[in-house]
2 protein chains.
Amino acid sequence: MQSNLPHLQSTFTTDCVIFGFQGGELKVLLIERNEYPFKGWWALPGFFVEHSETIDDAVERILYEHTGLRGIYMEQLYTFGDLKRHPQGRIITVAYYALLRLDDLESQPVPVTDYARQAVWHPLNNLPELGFDHGHIIDKAIQKVRRKISYSPIAFELLPEKFTLTQLQQLYEAIWGRKLDKRNFRKKMLNYNILKELSEFQRGVSYRAARLYKLDKRKYAKVFQNELTFSR
Amino acid sequence: MQSNLPHLQSTFTTDCVIFGFQGGELKVLLIERNEYPFKGWWALPGFFVEHSETIDDAVERILYEHTGLRGIYMEQLYTFGDLKRHPQGRIITVAYYALLRLDDLESQPVPVTDYARQAVWHPLNNLPELGFDHGHIIDKAIQKVRRKISYSPIAFELLPEKFTLTQLQQLYEAIWGRKLDKRNFRKKMLNYNILKELSEFQRGVSYRAARLYKLDKRKYAKVFQNELTFSR
DNA sequence: ATTTAATAGTGTAACAAATACACACTATAT
DNA sequence: ATATAGTGTGTATTTGTTACACTATTAAAT
């Protein structure tokens, strides 16, 4: 903010907590690092932000490098700048979180970068030890998502296009870590009038097939502006 | 996040949206810049973060330099990193907001830094044109505060220790930009049980003096953890 | 053909919270 | 004494939240 300072190279990173939902469980995509520091450790996907890209662009790039997908829902989370968080000196990281439809992935993601040896989905409730302050970043991310699904329909970013109400409920339960009443959940959710009831049903299950729903995009957009109040 | 990179000086700034409440109005402390770029323009207080301080420390320092106060409530807001936001190249800024009891200030604040010629409280609804992307940062800050007073008792950070219910209501009205019903407001606020009714009353008013209240710190702390739901 | 297992799908009563709404009271200034 | 300006209070209505249990449907196993 001051003048007469040298034109310095920016040195900050971005790290991204990528959430997915599968088998009734929330998962986080972690990489095994192939570079020092923390070589061989698990960590969040993330890298230095290039000089010519915005932070959002850098995150989109990182998401693409690790998942092969573009246009993933993402939001800035917090900027971490403790003096000791990076062994090479104080390097701040602008952390993001992203929400991903796991069924959009064709297979286990293969990162196309050098700094990651592999990328693996880990259940949120059973994470390995992480390098840097990445454990802390994930904590903050889940807290944010927990709050945000109460007033914003971001949960749908984690579900396939067509989903059952039970899947939606299980997702809320996974994020909040608490069981919900089926009848009350359905009543409330259908009352928002943001779901379109399809005439399609689940297939390949050995019990009564559930009806599929999808978002009504127009109403969804309105709700995104106005805010929901979804609690308990 | 990668190794074998030179140990570079960090070059990022922090800017702080300092809110105050006076005369039923929300105000923002702006400085008149005494340095290029944007010399002579109004802008947010903010500066480069030193290499040896955390971001929080830098913000506390900046708050102290401009208000003479320590221990002000503050929270990180967002990190802005557009390529064009700073004329000297891409310098990101980690923006914070702070809430200040204006009656704690003895007089108009005098900044002790070189880069500010003066610091002046401006009504939020009538701001001058600002340098950098600072207008945008203020927008984002007020949105955040607007949401946050719905679930967290941060409003009290803007009021004197002893306040009337009408002052509290006017503060909510100023932040939300909407009139509230007096009876409903009082019922709801008193129901949270976080206020202590004093036997003191307002003085020096030419009409019926209002009762003073203050926070019950113990109950306040609990509510801070558990969250309120204060809407409408 | 019948049974079993697994999950889908549905309604109501009780309670709590939010809203809408109007008038009497009190301190001071003149 | 009276005008002024803001304080302080209650209730009925509507809306939202909670608690709670059984029947329906399908595929698989027998």
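In the text below, chain A, chain B and the rest are named by the order of the sequence lines, each starting its count at 1.
Whole-Å rounding puts the F201(B) CZ to dG6(D) C1' distance at 14 Å. Separating the CG atom of L168(B) from the P atom of dG8(D) is a distance of 13 Å, rounded to the nearest angstrom. Between K179(B) atom NZ and dG6(D) atom C1' there is a gap of 13 Å when expressed in whole angstrom units. What separates CZ of R178(B) from P of dA20(C) is a distance of 11 Å, to the nearest Å. One can place NZ of K188(B) at 19 Å from C1' of dT9(D), the figure rounded to the nearest angstrom. The nearest whole Å value for the distance from the CE atom in M189(B) to the P atom in dT9(D) is 16 Å. Here the C1' atom of nucleotide dT7(D) and the CZ atom of R203(B) are 18 Å apart, to the nearest Å. The CG atom of L165(B) sits 12 Å away from the C1' atom of dT9(D) (whole-angstrom rounding).
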Nucleotide N/O of nucleotides 10-16 of chain C paired with protein N/O under 3.5 Å:
unit_1	atom_1	unit_2	atom_2	d
dT12(C)	O4	K187(A)	NZ	3.0

Could I get a table of every N or O pair under 3.5 Å where one atom is in the protein and the other is in nucleotides 24-30 of chain D?
unit_1	atom_1	unit_2	atom_2	d
dA24(D)	N3	R208(A)	NH1	3.1
dT25(D)	O2	R208(A)	N	3.3
dA27(D)	O4'	S206(A)	O	3.4

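For R186(A), there are no salt bridge (Lys or Arg N to Asp or Glu O under 4.0 Å) partners at least two apart in sequence or on another chain. Legend: residues meeting side chain to side chain donor-acceptor pair (under 3.5 Å) with R183(B), ordered by chain and number and at least two apart, are absent. Under the side chain to side chain donor-acceptor pair (under 3.5 Å) criterion, T67(B) pairs with no residue at all, not counting sequence neighbours. Here D133(A) pairs with R85(A) under the salt bridge (Lys or Arg N to Asp or Glu O under 4.0 Å) rule; sequence neighbours left out. Partners of Q169(A) under the side-chain contact (heavy atoms from CB on, under 4.5 Å) rule, at least two apart in sequence or in another chain, are E173(A), L180(A), K182(A), F185(A). By the side chain to side chain donor-acceptor pair (under 3.5 Å) test, D103(B) pairs with no residue at all, sequence neighbours left out. Residues that satisfy the side chain to side chain donor-acceptor pair (under 3.5 Å) test with K162(A), not counting sequence neighbours, are E200(A).
Note on T164(A): nothing from the nucleic acid sits closer than 4.0 angstrom, heavy atoms only.
Taking 4.5 Å as the limit, some side-chain heavy atom of R33(B) sits within range of a side-chain heavy atom of F132(B).
The side-chain tip of R61(A) does not point at the ring of F47(A) from less than 6.0 angstrom away and within 45° of straight on.
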